[in-house]
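Every number for a ligand or one of its atoms is a count from 1 in the order of the listing.
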Amino acid sequence: MFKKILIANRGEIAVRIIRACKDMGIISAAVYSEADKHSLHTILADEVYSIGESQASSSYLNKEKIINLAKEIKARAIHPGYGFFSENSYFIKAVEDEGIVFIGPSSKSVALMGKKTDARRLMMKNKVPVVPGTTEPVNNTDEGIHFSKQIGFPVLLKASAGGGGKGMRKITSAKEFGSAFEATKREALKAFGNDEVYIEKYIESPRHIEVQVLADKYGNYVHVYERECSIQRRHQKIIEEAPSVFVDDKTRKKITTAAISAAKACGYYNAGTIEFLMDKNKNFYFLEMNTRLQVEHPVTELITGIDLVKEQILIAAGNKLSFSQKDIKVRGHAIESRIYAEDPLNDFLPSTGEIIEYIKPAGPGVRIDDGFMTGSKISLYYDPLISKLICYSSDRNSVIERMLRALAEYHIAGPVTNIPFLLEIFKHKDFIKNNFDINFVERKFLNKKSQNPERISTEKIPAIFSAILKKQSTLSEKILSDGNNSDSNKWMDLLNE
Ligand code: ADP
């Protein structure tokens with residue numbers, strides 16, 4: 001087993017990995033940028049190293065700095081978490097070349113699944129159903145229109161190198177194609193340094209269902225069941241649950257078998273996730289493979305009792321999986337909410353600044369994965385995720401009740417959060433009745449008729465919304481009385497509106 005692991009990440013996922021290291025008696029070495037000086041991961045890790053400026057390119061995305069540090073401090077393995085270098089096959093190759101163990105799949109597997117078009121071709125070859133569409137980049141508007149007519153509008157134009165819900169455009173007719181094509185290419189080039197785009201059939205009202213897999217380096221594969229991640233805003237997940245109540249046993253058997261085939265097709269080892277879209281008739285289509293740990297991994301941990309981060313470390317260290325498929329049992333239900341520092345009343349803009357007061361929920365069936373504490377700062381440099389709240393119980397309805405209770409227990413003063421918005425979703429009758437798809441949030445909560453389509457319609461803002469904000473204000477009024485914190489002032493102004 002490794003004596004020391006370097007954690008090349010920040011925030012809640014760095015903390016999660018530190019905890020796994022501690023549980024396994026491994027020395028955890030954390031890195032931090034200037035902006036993260038007062039973060040929880042720098043306090044919890046056994047060793048901490050400053051790696052430079054706040055911009056990710058100078059710190060968390062500085063390949064030389066991270067690899068040199070690992071060598072210098074004699075860390076035999078690097079855990080990348082998610083984001084940053086986790087799916088960068090060049091980084092992984094450089095780590096491998098130095099004789100350091102990357103806690104994740106091989107650079108080869110990551111490269112095979114890296115580009116969506118390559119992954120689609122590989123899946124088709126291995127009989128995993130993919131969303132109908134092209135497997136090669138589209139070269140020009142005429143070609144794109146020709147192909148779209150063949151599969152039928154609406155289509156989705158997608159960046160081959162895309163991720164994070166960016167670089168995607170729905171096109172409903174041939175006349176929209178030209179401008180959408182140019183705009184998507186521009187966006188793809190800016191976000192991913194690659195302007196290749198391809199076409200997928202736009203699947204109407206599907207569910208996002210994904211399957212967690214684990215594989216060791218000896219060809220043993222298991223799935224750890226599915227997660228339902230249909231509650232999204234701008235194609236980004238905000239609420240995830242396991243198991244999916246939409247998936248019946250027969251479909252579960254089929255989709256988990258397809259997921260294992262996908263993992264085998266790229267010679268995968270470690271933890272990975274195969275994402276699918278599932279239509280109302282329960283036909284499913286491969287979307288992409290995430291060759292890393294997912295943000296939403298805790299819901300799977302809670303229903304199966306498997307510590308996925310520990311398994312990642314064991315696999316990377318060369319251990320065989322210590323269980324087989326029949327040993328993995330699902331018990332109960334779990335839901336995760338992503339608590340973001342963003343303002344639902346102002347186009348969900350990130351809300352930065354110091355966390356002046358931070359009280360988090362606890363009690364039966366409540367797990368919090370976070371990387372902040374009172375005094376930490378939410379900066380504009382990184383994702384504004386403050387905390388993940390994961391609730392567990394015997395059945396879905398009681399998890400929802402628990403989630404409502406736990407969300408209301410948060411007191412976060414300083415940045416504005418999306419908690420009131422999450423509460424609204426959990427109280428919505430269609431969410432409770434499991435009657436939703438990937439467009440649920442946009443359809444039910446975001447007022448499309450207003451000038452700004454991302455604005456919540458005011459009649460949807462219920463009493464509880466302001467009640468929660470008021471509660472937060474009472475707690476922090478005294479603290480804010482000096483009026484020095486401009487972000488907090490903005491927040492207080494909002495309360496007074
Ligand atoms: P990213 O890599 O940016 O996360 P994905 O391909 O995983 O992109 O898709 C993200 C989300 O976008 C999906 O969960 C779904 O909501 C939506 N989406 C993607 N492809 C399609 C499609 N062909 N039809 C309808 N919705 C889609």
Side-chain angles (χ1 to χ4, degrees), residues 82-83 86-88 110 113-124 128-135 137-138 144 147-148 150-172 180 184 187-194 196-212 226-241 244 246-247 255 259 262 272-281 283-296 338 383 385 436-444 446:
Y82 54 70
S86 60
E87 293 183 284
N88 183 317
V110 174
M113 287 297 194
K115 260 200 348 207
K116 288 179 198 254
T117 37
D118 294 345
R120 283 165 61 77
R121 275 199 301 278
L122 186 65
M123 291 305 104
M124 285 163 83
V128 176
V130 301
V131 182
T134 59
T135 49
V138 175
F147 192 80
S148 303
Q150 276 182 354
I151 55 169
F153 285 103
V155 297
L156 200 64
L157 205 53
K158 289 173 85 165
S160 307
K166 292 197 191 82
M168 253 184 252
R169 233 177 220 86
K170 181 181 173 187
I171 307 178
T172 50
T184 313
E187 198 177 305
L189 185 66
K190 199 167 159 226
F192 315 111
N194 179 330
E196 259 179 44
V197 294
Y198 72 101
I199 292 171
E200 276 182 15
K201 173 84 189 146
Y202 181 82
I203 310 283
E204 298 286 350
S205 311
R207 299 270 190 144
H208 174 117
I209 309 285
E210 59 185 35
V211 178
Q212 175 73 56
E226 83 282 357
R227 291 184 286 261
E228 158 93 59
C229 310
S230 302
I231 304 298
Q232 308 180 348
R233 194 181 70 81
R234 287 191 172 163
H235 306 304
Q236 280 202 283
K237 302 159 189 168
I238 43 181
I239 294 171
E240 303 99 340
E241 57 186 293
S244 166
F246 184 67
V247 177
I255 199 169
T273 294
I274 297 90
E275 297 189 329
F276 298 93
L277 287 181
M278 190 178 283
D279 68 20
K280 57 180 185 310
N281 299 318
N283 300 307
F284 57 85
Y285 309 94
F286 170 86
L287 258 189
E288 64 167 349
M289 180 165 187
N290 287 148
T291 50
R292 55 167 167 82
L293 187 66
Q294 298 276 87
V295 179
E296 58 273 22
R338 299 190 190 187
D383 184 53
L385 180 69
F436 56 82
D437 57 52
I438 57 164
N439 303 312
F440 174 79
V441 166
E442 256 82 15
R443 197 168 50 235
K444 301 284 181 186
L446 306 175

Applying the side-chain contact (heavy atoms from CB on, under 4.5 Å) criterion to Thr273, which one of Glu210, Met289, Glu226, Glu288 satisfies it?
Glu210
Are side-chain N/O atoms of Tyr198 and Glu200 paired as donor and acceptor at under 3.5 Å?
yes
Where is the tightest heavy-atom contact between Gly272 and Gln212, given as atom of each residue plus distance?
O-NE2, 3.2 Å
Check each protein residue for a heavy atom under 4.0 Å from ligand 1 and list those that pass, ordered by chain and number.
Lys116, Val131, Leu156, Lys158, Gly162, Gly163, Gly164, Gly165, Lys166, Met168, Glu200, Lys201, Tyr202, Ile203, His208, Gln232, His235, Glu275, Leu277, Leu287, Glu288, Ile438
Could you tell me if the side chain of Phe436 sits less than 4.5 Å from the side chain of Glu228, heavy atoms only?
yes
Under the side-chain contact (heavy atoms from CB on, under 4.5 Å) test against Val131, which residue among Ile203, Leu156, Ile199 passes?
Ile203
Under the side chain to side chain donor-acceptor pair (under 3.5 Å) test, which residues partner Glu87, sequence neighbours left out?
Thr291, Arg292
